[in-house]
Amino acid sequence: MLSEAQEAILEQIIEAFQNGKRLSDLPEVKGTNPYNLFCEVLDEDGESKKAALASLLPYLEDDCSYGVEFDITVSSPTCTRIGNTDLHKSLPVHSRMKGCLLDNDGNVVEYLNPTDWTGNVLDGTRGQVMVEIPAHFRKFETDGNKRRVRISELPLAGYHQVPKCYVSAYEATVERSTLTLASVKNTGADYRGGNNNAEWDGTYRSLLGMPATSISRTNFRNYARKRKATTTEWNCMTYDIQKALYWLFVVEYATLNSQAAYNPQLTAEGFRQGGLGAGVTTLNGTLWSTFNGYYPVIPCGTTDSLGNGTGEVLYTMPTEYDSSNEITVQVPRYRGVENPFGHLWQWTDGINVRISPTEANGGDGLSKVYVCSDPSKFKDNGYDGYSHVGNEARAEGYVKQVIFGEYGEIMPQVVGGGSTTYHCDYHYTSIPTAETLLGVLFGGGAYYGANAGFAFAHSNAAPSNAVAFFGSRLCFLPA
């Protein structure tokens, strides 16, 4: 229940807005955080208060949202923060992301220690190790060359809801005895990663404790669904969750460059700065191939000491990778999500690209991007139930513009940027001689260097492709 003082402040705010004023015109309520007050009102049972608040929400955007703006004609990846500057400091949506153990019905068994997970049971016996992304509201605006992204905890006018969901803290592995996709920190044989090669157990090439690879998108989906066979709530990595994580990062750090150097210090204003670092992207491709044939090299849970936080953990490669040098990589973590890019490519579901030949070869010369948010309609052989959201760039190169649009699509639309300009990530595609449905992988592998990042997209593989450094994640989408 609201206190009498809060009731009085709410009435003042309502009257002020009805008379065309803003909060800055009301010095007597400046000491009250209206954002928190509005959240409490939304939880109230009084329908009249909810109705009154709903009528005011269109006027409260700058007080109750935070986001970024960038100009697609400006090469710098740095964005301008917009909305409530206090929210850029408190990060109310971001701060509700937290690690947890999830049972097969999607119930939270336990929330993990926010500062350090190493004391928690993460081997799968108590549930899957997931990160909860809270429900929030989001709006994308195109204003000439300007692009704006705003998020809020409130259903402001013109915003769409991002439903609560769960993404695996780790790159997914597989419970081999049941062929069920998993997110665990477990070095037992039943969770052997890579291609499940038991001959490497006990050697420097051991895949125990590693993510699973050499699995097609089709099978990643099938293995995820085994966790609760009667529903489509469990999935491999989805395009929607990839997109959600990307824009949460961009809003938090006010940059399109996810590989900017990690900097734990806040700016003088109290904002986040820098990025997530290079990630596991600096290995030598030839040495990696010789070492273990491009199979995973970073064990699940390497960054667990960071808890729900963001940062990097140094990992030293086995001597056999390069006997002449000690090779280290920085393993990144974004709010509990380990290796959000780099190390392995990530198969994503809920997105298909229809790539047509050139007109000279009988096609329409377009690469049409189709997306779907309904997991019951995910498929690898068509576009029924999918929406055409725009067209992908037809050439490879660094991303200059993404499709963006009403829902913030992150597929490349224009290339011609660079590793430190515009979106700072690369784009792979190819044009076939016959119309082809291709899937999309994100992030990049361990030797892609500056090409890699949150928006590094690869539409060069059929959903049936299973490759040594193609992995995915485990996701839960509550019905």
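This is a predicted model, so every value here is computed, not measured.
Side-chain N or O atoms of R138 include none that pairs as donor or acceptor with a backbone N or O of H160 at under 3.5 Å. D380 places no side-chain N or O within 3.5 Å of a backbone atom of R217 that could act as its donor or acceptor partner. Here the side chain of T213 pairs no donor or acceptor atom with the backbone of F469 at under 3.5 angstrom. Within the 3.5 Å criterion, the main-chain N or O of E252 finds a donor-acceptor partner in the side chain of R81. Judged by distance alone, with hydrogens and angles left aside, the side-chain atoms of D116 form a donor-acceptor pair with the main-chain N or O of T118 at under 3.5 Å. Listed for the R225 side chain is a donor-acceptor partner under 3.5 Å among the backbone atoms of W234. With S472 contributing its side chain and W347 its backbone, the two residues share a donor-acceptor pair below 3.5 Å. No donor-acceptor pair under 3.5 Å is formed between the side chain of H427 and the backbone N or O of A455. Of the possible polar contacts, none joining the R335 side chain to the F249 backbone as a donor-acceptor pair under 3.5 Å is found. For E132 (side chain) and K98 (main-chain N/O), no donor-acceptor pair under 3.5 Å exists by modelled atom type.
The environment of NZ in K146 is sparse: at most 12 heavy-atom neighbours from other residues, nucleotides or ligands sit within 6.0 Å. Heavy atoms of other residues, nucleotides or ligands lying less than 6.0 angstrom from CD of E110 number more than 12.
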Pair Y386, K379 - check side chain to side chain contact (heavy atoms under 4.5 Å, CB included), show working.
CA-CA 9 Å; Y386 284 62; K379 62 181 64 179; 3.9 Å; yes
Would you sort out whether L437 and Y370 count as a side chain to side chain contact (heavy atoms under 4.5 Å, CB included), showing the intermediate values?
CA-CA 10 Å; L437 184 155; Y370 291 85; over 6 Å; no
Would you please test S258 and D425 for side chain to side chain contact (heavy atoms under 4.5 Å, CB included) and show each step?
CA-CA 9 Å; S258 54; D425 297 334; 4.1 Å; yes
Report the C-alpha separation of L256 and C79 in whole Å, then their side-chain angles, then the decisive distance to 0.1 Å, and conclude whether the side chain to side chain contact (heavy atoms under 4.5 Å, CB included) test is met.
CA-CA 7 Å; L256 302 175; C79 304; 3.9 Å; yes
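When every heavy atom of T310 is checked against every heavy atom of Y262, the shortest pair comes out as O-OH, 3.0 Å. A pairwise comparison of heavy atoms in R176 and A212 identifies NH2-CB, 3.7 Å as the closest pair. Residues P211 and C300 approach most closely at N-SG, 3.8 Å, considering heavy atoms. Taking every heavy atom of both residues into account, I241 and Y166 meet most closely at CD1-O, 3.9 Å. Nearest heavy atom pair, residue P296 against residue G194, reads CD-CA, 3.9 Å. In plain terms, the two heavy atoms of A452 and T281 that are nearest each other are CB-CG2, 3.6 Å.
Separation of atoms CZ (R333) and CD (E338) is listed at 6.0 Å; rounding is to 0.5 Å. The distance from the CZ atom of F456 to the OH atom of Y426 is 8.0 Å, given to the nearest 0.5 Å. Between the CD atom in Q259 and the OH atom in Y448 there is a gap of 13.5 Å [rounded to 0.5 Å]. In this structure, the separation between CG on D103 and CZ on R227 is 10.0 Å, given to the nearest 0.5 Å. In this structure, OG1 in T173 is found 11.0 Å from CG in L474, a value given to the nearest 0.5 Å. To the nearest 0.5 Å, atom OG1 of residue T303 and atom CD of residue Q330 are 11.5 Å apart.
No donor-acceptor contact under 3.5 angstrom links the side chains of Y223 and E175, judged on distance only. No side-chain N or O of T255 forms a donor-acceptor pair with one of N257 less than 3.5 Å apart. Between the side chains of T238 and D240, no donor-acceptor pair is found at a separation under 3.5 Å. Side-chain N/O atoms of Y170 and N339 include no donor and acceptor closer than 3.5 Å.
Contact check for P77 versus H423: no side-chain heavy atoms found under the 4.5 Å cut-off. Between V353 and V440 there is a side-chain heavy-atom pair separated by less than 4.5 Å. Two residues are said to be in side-chain contact when any heavy atoms from C-beta on lie closer than 4.5 Å; S459 and E392 meet this criterion. The shortest distance between side-chain heavy atoms of L122 and N186 does not fall below 4.5 Å. Residues N391 and K368 are in side-chain contact: their nearest non-hydrogen atoms beyond the backbone lie under 4.5 Å apart. For the pair I351 and K243, the minimum side-chain heavy-atom distance is 4.5 Å or more. Inter-residue side-chain proximity for T178 and K226 is flagged as unmet; no heavy-atom pair is nearer than 4.5 Å. Considering only heavy atoms from C-beta on, M130 comes within 4.5 Å of S168 through its side chain.
Remark: T267 engages E269 in a side-chain hydrogen bond (donor to acceptor under 3.5 Å, both in side chains) (not counting sequence neighbours). Shown here are the ring pair (Phe, Tyr, Trp, His ring centres under 6.0 Å) partners of H94, two or more places apart in sequence or in another chain: Y66. Applying the ring pair (Phe, Tyr, Trp, His ring centres under 6.0 Å) rule to Y159 yields no partners; only residues at least two apart in sequence or on another chain are considered.
In this structure, H458 and Y428 have perpendicular ring planes: the angle between them is above 60°, well past the 30° mark. Aromatic ring pairs are classed by plane angle as parallel below 30°, tilted from 30° to 60° and perpendicular above 60°; the pair W345 and F470 is perpendicular.
Between D62 and R150 there is a salt bridge, since at least one side-chain N of the basic residue sits less than 4.0 Å from a carboxylate O of the acidic one.
If you run ring-ring contact (aromatic ring centres under 6.0 Å, His included) between W247 and each of F454, F404, Y407, only F404 comes through.
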